[in-house]
Amino acid sequence: MAITKDAPPGTAGGTDARRESGKGGKGGDGGEGRHLNSPLLLTLLLLTAVMLQGPVRQALAAPVMQSWMTVFVAVIVQAMPFLVLGVLLSAAIAVFVPPSFFARALPRRPALAVPVAGAAGAVLPGCECASVPVAGALVRRGVTPAAALAFLLSAPAINPIVLTATAVAFPNDPEMVVARFVASLLVACAMGWLWQRLGRTDWLRLPARSSYEGQSKGAAFWGSVRHDVMHAGGFLVVGAMAAATLKAVVPESWLRATADSPVLSVLALAVLAVLLSICSEADAFVAASLSQFSLTARLTFLVVGPMIDLKLFAMQAGTFGRGFALRFAPATFALAVVVSVLTGAVLL
């Protein structure tokens with residue numbers, strides 16, 4: 001008969017036994033009951049709001065806050081339908097249109113494939129959140145990187161949803177639609193040709209397999225929709241808050257001093273587009289609210305934003321590698337600013 005020894009107190013065996021036996025006993029919940037869960041936190045926030053409703057009402061009744069809320073709600077209400085429609089269409093294209101379709105439709109010569117891929121963005125709705133994974137799928141399937149990058153830049157900037165939103169946001173300035181289309185397409189094609197001439201294969205990491213590949217079409221579609229709505233909706237709220245703050249809180253003299261300088265106004269809105277990271281289906285309404293600035297400065301905001309911002313830089317680095325993003329993003333920013341200024345001087 002085999003003889004076994006019990007683990008003495010304090011050893012690993014004794015500790016494991018006590019841990020197992022204590023799961024159902026006192027304190028066996030591991031302290032989970034001491035953590036705040038979401039319903040409890042929401043209840044506490046609602047109770048706090050009720051208790052402080054007097055000061056909150058006084059704060060909201062101030063003229064500055066009323067002006068802030070007016071601009072914020074106006075931007076959200078105007079932009080939301082285009083944002084939702086753009087997210088649904090971009091998810092449908094990313095899931096139901098096979099990347100092999102693009103490979104067959106593009107010319108074999110890279111120099112010709114770049115403008116064709118750039119022009120394809122005008123007929124394929126999609127926000128920048130969807131254009132990066134689609135461009136990655138194109139590169140994985142053998143499409144020349146120069147053409148894939150041209151599509152990556154043009155699709156979120158010149159698609160029908162974005163141009164329609166721009167026309168609605170600028171009803172008295174229809175030339176803004178033409179200027180945005182021309183400038184964005186020029187930048188996309190120029191960056192594609194620039195990568196074809198100067199880009200190196202070791203700068204571009206082959207994208208990994210999409211997380212939605214292998215799932216059913218329905219699951220992949222709704223997963224893409226949820227992802228894009230959460231990201232794009234959050235950045236839309238941030239952008240609307242920033243626009244409302246600039247309109248209602250920042251002294252008019254500060255904005256006028258910046259807006260009156262042609263160079264400073266362009267650079268300020270270009271940097272603002274990078275920082276706000278607003279979805280391209282909604283950025284026109286934010287730009288329209290910045291009425292202190294010239295049309296050329298606001299055109300720069302509309303051209304730079306869909307091509308390079310904080311979330312796009314992170315997505316490009318994750319898809320194609322950090323070395324690629326560190327080279328591609330600054331070049332795109334500089335070229336977008338220059339082309340926007342030149343286009344604005346001609347068309348606006």
(request) Using side-chain contact (heavy atoms from CB on, under 4.5 Å) as the criterion, point out the one residue from L347, L302, L163 that pairs with M176. (result) L302

(request) Determine yes or no for a side-chain-to-main-chain donor-acceptor pair under 3.5 angstrom, with N159 supplying the side chain and I161 the backbone. (result) yes

(request) Please check if the side chain of T300 supplies one atom and the backbone of T296 the other of a donor-acceptor pair under 3.5 Å. (result) yes

(request) Compare every heavy atom of L299 with every heavy atom of S340, then report the nearest pair and how far apart it is. (result) O-CD2, 3.6 Å

(request) Working to the nearest 0.5 Å, report the span between CZ of R322 and CD of Q316. (result) 15.0 Å

(request) Heavy atoms only: give me the nearest P330-R327 pair and the separation to one decimal. (result) CD-O, 3.6 Å

(request) Give the cluster check for V143 versus W193: same hydrophobic cluster or not, with ILVMFWY residues linked at side-chain heavy-atom distances below 4.5 Å. (result) no

(message) Could you tell me if the side chain of F181 sits less than 4.5 Å from the side chain of L186, heavy atoms only?
(response) no

(request) Could you tell me whether the side chain of E175 reaches within less than 4.5 Å of the side chain of L295, counting heavy atoms only? (result) yes

(request) Say whether V139 and L194 are linked into one hydrophobic cluster, either directly or through other cluster members, by side-chain heavy-atom distances under 4.5 angstrom. (result) yes

(message) Would S184 and M307 count as a side-chain contact (heavy atoms from CB on, under 4.5 Å) here? Give the steps.
(response) CA-CA 9 Å; S184 299; M307 295 187 174; 3.9 Å; yes

(message) Using side-chain heavy atoms (C-beta onward) and a distance below 4.5 Å, is V168 in contact with F285?
(response) yes

(request) Would you mind reporting whether W68 and M241 have side-chain heavy atoms less than 4.5 Å apart? (result) yes

(request) List the steps, then state whether side-chain contact (heavy atoms from CB on, under 4.5 Å) holds for F293 with D260. (result) CA-CA 8 Å; F293 294 86; D260 288 343; over 6 Å; no

(request) Would you indicate whether the side-chain heavy atoms of F72 and V77 approach each other to under 4.5 Å? (result) no

(request) Please examine the side chains of I308 and F328, heavy atoms only from C-beta on, and report whether any two atoms are closer than 4.5 Å. (result) no

(message) Tell me the closest heavy-atom pair linking V162 and P156, and the distance in Å.
(response) CG2-O, 3.4 Å

(message) Strictly distance-based, threshold 3.5 Å: is any side-chain N or O of S265 a donor or acceptor partner for the main-chain N or O of P262?
(response) yes

(message) If you apply the rule side-chain contact (heavy atoms from CB on, under 4.5 Å), what do you find for V274 with F313, and how did you get there?
(response) CA-CA 9 Å; V274 174; F313 180 84; over 6 Å; no

(message) Could you check whether any side-chain heavy atom of L106 comes within less than 4.5 Å of a side-chain heavy atom of F151, counting everything from C-beta outward?
(response) no

(request) Look up atom CG in L310 and atom OG in S277, then write down how far apart they are to the nearest 0.5 Å. (result) 4.0 Å

(request) May I ask you to decide whether R298 forms a salt bridge with D283, counting only side-chain N to carboxylate O separations under 4.0 Å? (result) no

(message) Is there a path of hydrophobic side-chain contacts, each under 4.5 Å between heavy atoms of I/L/V/M/F/W/Y residues, joining L275 to V266?
(response) yes

(message) Nearest 0.5 angstrom please: F324 CZ to D202 CG, how far?
(response) 13.0 Å

(message) On a heavy-atom basis, which atom in V114 and which in C189 lie closest, and how many Å separate them?
(response) CG1-O, 3.5 Å

(request) Over all heavy atoms of both residues, which pair between A179 and T343 is shortest? Give the atoms and the distance, please. (result) O-CG2, 3.7 Å

(request) Any chance you could measure W254, atom CH2, to Q292, atom CD, to the nearest 0.5 Å? (result) 14.0 Å

(message) Could you report the tightest heavy-atom contact between A284 and A169, atom names first, then the distance?
(response) O-CB, 3.6 Å

(message) Do L335 and L198 land in one hydrophobic cluster if side-chain heavy atoms of ILVMFWY residues count as linked below 4.5 Å?
(response) yes

(message) Set out, in order, the CA-CA distance, both residues' side-chain angles and the distance that settles side-chain contact (heavy atoms from CB on, under 4.5 Å) for L272 and L290, then state yes or no.
(response) CA-CA 11 Å; L272 187 65; L290 302 174; 4.2 Å; yes

(request) Mark yes or no for whether T144, through its side chain, and A147, through its backbone, hold a donor-acceptor pair below 3.5 Å. (result) no

(request) Answer yes if L264 and V338 sit in the same cluster of Ile, Leu, Val, Met, Phe, Trp and Tyr residues linked by side chain heavy atoms under 4.5 Å apart, and no otherwise. (result) no

(request) Check whether any side-chain heavy atom of L342 sits under 4.5 Å from a side-chain heavy atom of V339, and report yes or no. (result) no

